[in-house]
Amino acid sequence: MYSNSIDTIVAIATAPGAGSVGVVRLSGIDLSGYMDAVLGGCLIPRRATYKQFFDAQGECLDTGIAVFFPAPESFTGESVLELQGHGGSVVLAQLVQRCVDLGARQARPGEFSERAFLNGKLDLAQAEAVADLIQASSVQAAKSAVRSMQGEFSRAVESLVEKVIEVRVFVEASIDFPEEEIDFLSDPKLLGAIQQLVVQLGGILDKARQGALLREGMTVVLVGKPNVGKSSLLNCLVGDDVAIVTDEAGTTRDVLRHMVSLNGVPVQFIDTAGLRATNSVIEKEGIRRAWAEVEAADQVIFMVDAMDGEGTDIRALWPEYFTRCGDSNQRVTMVLNKIDCSGHEPGRIDNNLPTLGISAKYGLGIGELTAYLLERMGYVATGESVFAARRRHVIALSNALTQIEAGQSQLQKFGSGELLAEDLRVAQQSLSEITGRFSSDDLLGHIFSSFCIGK
Ligand SMILES: Nc1nc2c(ncn2[C@@H]2O[C@H](COP(=O)(O)OP(=O)(O)OP(=O)(O)O)[C@@H](O)[C@H]2O)c(=O)[nH]1
Ligand SMILES: [Mg+2]
């Protein structure tokens with residue numbers, strides 16, 4: 001098995017820094033020795049008991065509430081002891097050290113959740129939702145994390161897995177009994193069941209995409225020639241004077257980042273140096289950094305001055321982008337700024353090659369721009385029924401969908417049961433990675449190490 005779950009682990013479960021209460025948590029097979037030494041005797045299970053916490057010399061380190069959860073009725077499924085003392089970093093560190101001296105090991109980040117997973121208390125998606133709840137940056141993100149933590153997402157995925165298995169059984173049977181193959185595979189019930197699977201999977205994928213967006217947000221980089229108003233737009237979006245704005249071309253040199261919450265989606269806007277040929281070493285470096293941001297961002301806003309009258313053909317205006325970043329027009333949007341001077345209407349100007357009119361200085365067309373960016377990232381204001389999913393989940397769901405659709409077309413075009421069977425098998429494996437039924441140790445290590453210590 002992945003972790004060495006024989007050790008007793010210990011960690012401070014509360015946030016670092018001073019607080020009125022601080023919690024030290026232990027998890028292991030047998031905690032009676034720790035209770036004898038630190039508390040002077042074993043506790044009654046699940047009863048909050050006011051106790052002194054003793055050091056090795058029998059001196060009182062702190063006083064507080066101790067609670068003992070014998071295995072398997074605990075968060076980790078092992079025996080767990082919680083010592084709720086005063087929230088000072090020194091006193092908590094002493095308490096942890098006391099447990100280490102008694103034989104416990106400092107827990108790695110996420111190790112309590114990892115043990116809960118390994119002991120079947122939580123599946124992987126639920127364990128991830130615990131971490132997401134702790135880190136949620138908006139009410140929507142927190143709500144969706146609670147739903148996933150309680151297993152709503154996992155149940156939806158499990159129900160998909162069961163449907164895939166049902167179809168697989170049907171298809172595998174047709175392969176094992178080839179004399180009946182024609183009948184099995186041409187049964188409209190089979191195509192119907194696959195179609196249903198595609199629809200159901202598509203629905204879950206949409207909700208997971210929303211959840212991933214709420215959790216991970218997106219990055220939007222603002223680029224364009226000097227003086228077009230990039231920094232003005234950043235200030236307008238943030239609602240504060242965070243970037244220097246002047247009418248001198250080449251004002252911004254460093255990359256400037258600010259988070260803005262758009263309908264609960266955390267969006268990082270990145271202001272960059274104006275792109276132009278220059279001999280200034282500082283500006284050159286600024287432009288190099290701007291390009292690095294363009295390459296990495298989820299969305300790119302290419303800003304032009306609406307008064308320049310060069311038209312709205314982004315391919316002609318900014319060919320360098322297409323040479324460097326490929327030919328896809330999926331990430332880039334043209335924004336015409338200073339429409340207060342040009343007389344363009346705010347909002348969409350051209351729907352084919354996305355172009356929007358704004359005035360950063362006077363705040364015109366900003367709502368249209370942010371709504372457009374959210375839409376581009378796949379946001380829909382469904383509100384409640386979103387799952388706190390991660391990119392990993394979205395990728396697994398999309399892979400499963402691609403496989404099933406491939407299988408569907410194998411069946412329709414060639415009546416091939418073998419190829420369909422293989423596609424379904426891979427799809428099932430993809431889905432099972434979400435809840436952790438088929439996860440490799442590498443993946444588990446990666447997931448749990450991103451958790452906080454004590455969780
Ligand atoms: N009339 C008008 N002026 C604007 C608007 N937005 C920005 N400006 C002005 O345009 C000038 C340049 O604005 P900045 O925001 O500094 O432009 P920038 O693209 O960040 O420029 P660099 O940092 O030099 O690349 C300033 O004088 C702004 O006040 C707008 O919507 N309308
Ligand atoms: Mg600027």
Side-chain angles (χ1 to χ4, degrees), residues 1-40 42-43 51-122 124 126-128 130-135 436 441-455:
M1 193 100 265
Y2 166 69
S3 98
N4 176 6
S5 54
I6 310 297
D7 300 355
T8 294
I9 50 171
V10 62
I12 300 171
T14 37
S20 55
V21 176
V23 177
V24 169
R25 192 188 237 178
L26 281 138
S27 180
I29 306 295
D30 179 10
L31 301 182
S32 53
Y34 294 87
M35 286 191 277
D36 281 343
V38 180
L39 306 171
C42 281
L43 295 176
K51 282 280 182 190
Q52 288 187 306
F53 306 155
F54 297 112
D55 70 8
Q57 284 70 45
E59 302 244 335
C60 180
L61 278 173
D62 192 7
T63 60
I65 302 290
V67 191
F68 174 51
F69 303 91
E73 252 63 66
S74 72
F75 177 69
T76 58
E78 301 173 341
S79 288
V80 168
L81 178 65
E82 282 195 8
L83 303 173
Q84 308 174 3
H86 294 93
S89 47
V90 173
V91 68
L92 290 172
Q94 280 179 305
L95 209 47
V96 168
Q97 188 56 48
R98 174 84 171 108
C99 297
V100 169
D101 293 343
L102 289 166
R105 170 171 68 70
Q106 283 264 13
R108 293 187 304 266
E111 203 172 357
F112 289 90
S113 303
E114 182 184 300
R115 288 191 176 187
F117 166 69
L118 293 173
N119 290 324
K121 287 280 166 177
L122 296 168
L124 206 46
Q126 286 175 302
E128 286 169 313
V130 172
D132 292 346
L133 179 61
I134 292 169
Q135 279 159 12
D441 287 356
D442 282 356
L443 176 68
L444 294 183
H446 178 75
I447 289 170
F448 286 108
S449 64
S450 68
F451 284 30
C452 43
I453 295 181
K455 202 58 231 167

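Just so it is clear, the values below take in all heavy atoms, side chains as well, and ignore hydrogens, waters and symmetry mates.
Note that the CD1 atom of I9 and the SG atom of C99 stand 12.0 Å from one another [nearest 0.5 Å]. The CZ atom of F117 lies 14.5 Å from the OG1 atom of T76; values are rounded to the nearest 0.5 Å. In this structure, OG in S74 is found 6.0 Å from NZ in K121, a value given to the nearest 0.5 Å. Summarising the geometry, atom CG belonging to L118 is positioned 9.5 Å from atom CD belonging to E111; distances are rounded to the nearest 0.5 Å. Rounded to the nearest 0.5 angstrom, F69 CZ and L43 CG are separated by 10.5 Å. In this structure, CD in Q106 is found 12.5 Å from CG in D7, a value given to the nearest 0.5 Å.
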Please assess F75 against S113 for the test side chain to side chain contact (heavy atoms under 4.5 Å, CB included), listing each intermediate value before the final yes or no.
CA-CA 8 Å; F75 177 69; S113 303; 3.9 Å; yes

Only pairs under 3.5 Å count here: list side-chain donor-acceptor contacts from residues 79-93, not counting sequence neighbours, and write none if there are none.
unit_1	atom_1	unit_2	atom_2	d
S79	OG	A71	N	3.1
E82	OE2	R25	NE	3.4
H86	ND1	D62	OD1	2.7

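Evaluation of the side chain to side chain donor-acceptor pair (under 3.5 Å) rule for D55 yields no partner, not counting sequence neighbours. Applying the side chain to side chain donor-acceptor pair (under 3.5 Å) test to E73 and every residue at least two apart in sequence or in another chain returns nothing.
For the pair F68 and M35, the minimum side-chain heavy-atom distance is below 4.5 Å. No side-chain heavy atom of L39 sits under 4.5 Å from any side-chain heavy atom of F54. When side chains are defined from C-beta on, L102 does not count as touching T8, because their heavy atoms never get closer than 4.5 Å.
Between F112 and L26, the shortest heavy-atom distance links the atoms CE2-C, 4.1 Å. For the residue pair L31 and S27, the shortest heavy atom distance occurs at CD2-C, 4.4 Å.
A donor-acceptor pair under 3.5 Å links the side-chain atoms of T14 to the main chain of V23, judged by distance alone. No donor-acceptor pair under 3.5 Å is formed between the side chain of K51 and the backbone N or O of G40. A donor-acceptor contact shorter than 3.5 Å links the side chain of Y34 to the backbone of A104.
Under 3.5 Å, the side chains of T63 and Q52 contain no donor-acceptor pair of N or O atoms.
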